[in-house]
Amino acid sequence: MRPGIVFTHNSDMMYVGPRANTQDVTDAVIAWADNDQPGQGLGPDVLRFLFTSSGNGTTAISNNVLSDNDWDGVEIARMMGDARMGVGHRWSNTILPKRALDVVRRNDDLPQFRITRTPNVIDTLGIHGDFQTSPFGNLHIVPRESGLVRNVAIGFFHDPAPNSTSNPSDPSVLDVGGVVRVRKLEAAQP
């Protein structure tokens, strides 16, 4: 990693540049390191992605990352040296991501995570599934197709064939409205 740019500060290092992998295979690298001497203590020394703006007309600048009025330096994501990543702004050097991917939202009721198959300019249209943890700690999964709420299927990757006895639109596929309605799937993929 000789070509590129190296930054050092507080005995820590960051590198941005190319890294030769094999003949004619070069990787683009963003690398950072903790302490140039062993035994100096650990960081956490994270890689942060920030968006800076006066946001919604506010010019408030705060060192408190949990402040909802501070839009100057909104954290989009944070990566840690042990391969944990947090998406969202609710992280600090004491509140760190706990999993390989940990997603939080600001203070609105939008879902924390979405998987999209077919995007649309209207957020409730297209084909997608939203995942959200409620204020009570319940997990909500809402799959949609063209605005219609669909079902959650566990245990197979493909919708049933047109002449199959399994109906992917059957409302008894999984828990609906708090009433347990789980059906056993066929042993073979439907």
Side-chain angles (χ1 to χ4, degrees), residues 16 27-30 46-62 64-80 83-92 95-164 166-183 185 189-190:
V16 178
D27 300 329
V29 174
I30 298 172
V46 299
L47 175 62
R48 298 171 63 199
F49 294 84
L50 304 175
F51 176 76
T52 58
S53 169
S54 62
N56 297 335
T58 183
T59 57
I61 298 174
S62 169
N64 179 4
V65 296
L66 302 180
S67 171
D68 290 322
N69 296 320
D70 184 4
W71 284 90
D72 185 74
V74 175
E75 185 163 324
I76 306 303
R78 171 180 294 236
M79 293 181 180
M80 299 178 58
R84 289 180 284 161
M85 178 178 177
V87 175
H89 91 301
R90 293 287 181 182
W91 309 113
S92 68
I95 302 173
L96 295 166
K98 306 295 186 283
R99 299 290 183 265
L101 180 60
D102 203 340
V103 181
V104 297
R105 287 282 308 160
R106 284 190 78 84
N107 284 331
D108 54 33
D109 289 329
L110 292 175
Q112 287 102 334
F113 184 64
R114 173 175 278 188
I115 298 173
T116 301
R117 182 174 184 102
T118 307
N120 192 291
V121 295
I122 299 172
D123 68 341
T124 56
L125 297 181
I127 299 173
H128 61 267
D130 286 333
F131 295 75
Q132 179 177 7
T133 302
S134 75
F136 300 105
N138 296 315
L139 174 64
H140 297 265
I141 302 172
V142 181
R144 284 196 177 98
E145 183 265 325
S146 299
L148 299 173
V149 176
R150 294 300 188 188
N151 297 333
V152 175
I154 298 174
F156 60 93
F157 286 107
H158 303 284
D159 288 333
N163 296 329
S164 171
S166 296
N167 180 359
S169 299
D170 181 349
S172 66
V173 171
L174 201 58
D175 188 324
V176 178
V179 178
V180 177
R181 297 180 187 165
V182 179
R183 68 183 171 130
L185 295 174
Q189 178 177 306

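Worth saying up front: this structure is predicted, and the values here are computed from it rather than measured.
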- Message: Main chain of Ser92, side chain of Arg78: is a donor-acceptor contact present, judged purely on distance under 3.5 Å?
- Response: yes
- Query: Say you draw a straight line from CG of Asp102 to CE of Met85; how long is it, rounded to the nearest 0.5 Å?
  - Reply: 11.0 Å
- Which of these passes side chain to side chain contact (heavy atoms under 4.5 Å, CB included) with Ile127: Asn120, Ile115, Thr118? Thr118
- Query: If you look only at pairs with a residue in residues 111-122, which of them pass as a salt bridge (charged side-chain N to carboxylate O under 4.0 Å, His left out), with sequence neighbours excluded?
  - Reply: Arg114-Asp130
- Message: Between Gln132 (side chain only) and Leu139 (backbone N and O only), is there a donor and an acceptor less than 3.5 Å apart?
- Response: no
- Query: When rounded to the nearest 0.5 angstrom, what distance separates CH2 in Trp91 from CE in Met80?
  - Reply: 9.5 Å
- Sequence neighbours left out, what pairs pass ring pair (Phe, Tyr, Trp, His ring centres under 6.0 Å) with at least one residue falling in residues 110-148? Phe113-Phe131
- Task: Flag the pair Val87 / Leu101 as yes when at least one side-chain heavy-atom distance between them is below 4.5 Å, and no otherwise.
- Result: yes
- Task: Count the heavy atoms belonging to other residues, nucleotides or ligands that lie under 6.0 Å from CD1 of Ile30, then report whether that count exceeds 12.
- Result: no
- Give a yes or no on whether the backbone of Ser134 and the side-chain of Asn138 come within a donor-acceptor separation of less than 3.5 Å. no
- Task: Looking only at non-hydrogen atoms, find the nearest pair between Pro97 and Gly86 and report the distance.
- Result: CG-N, 3.3 Å
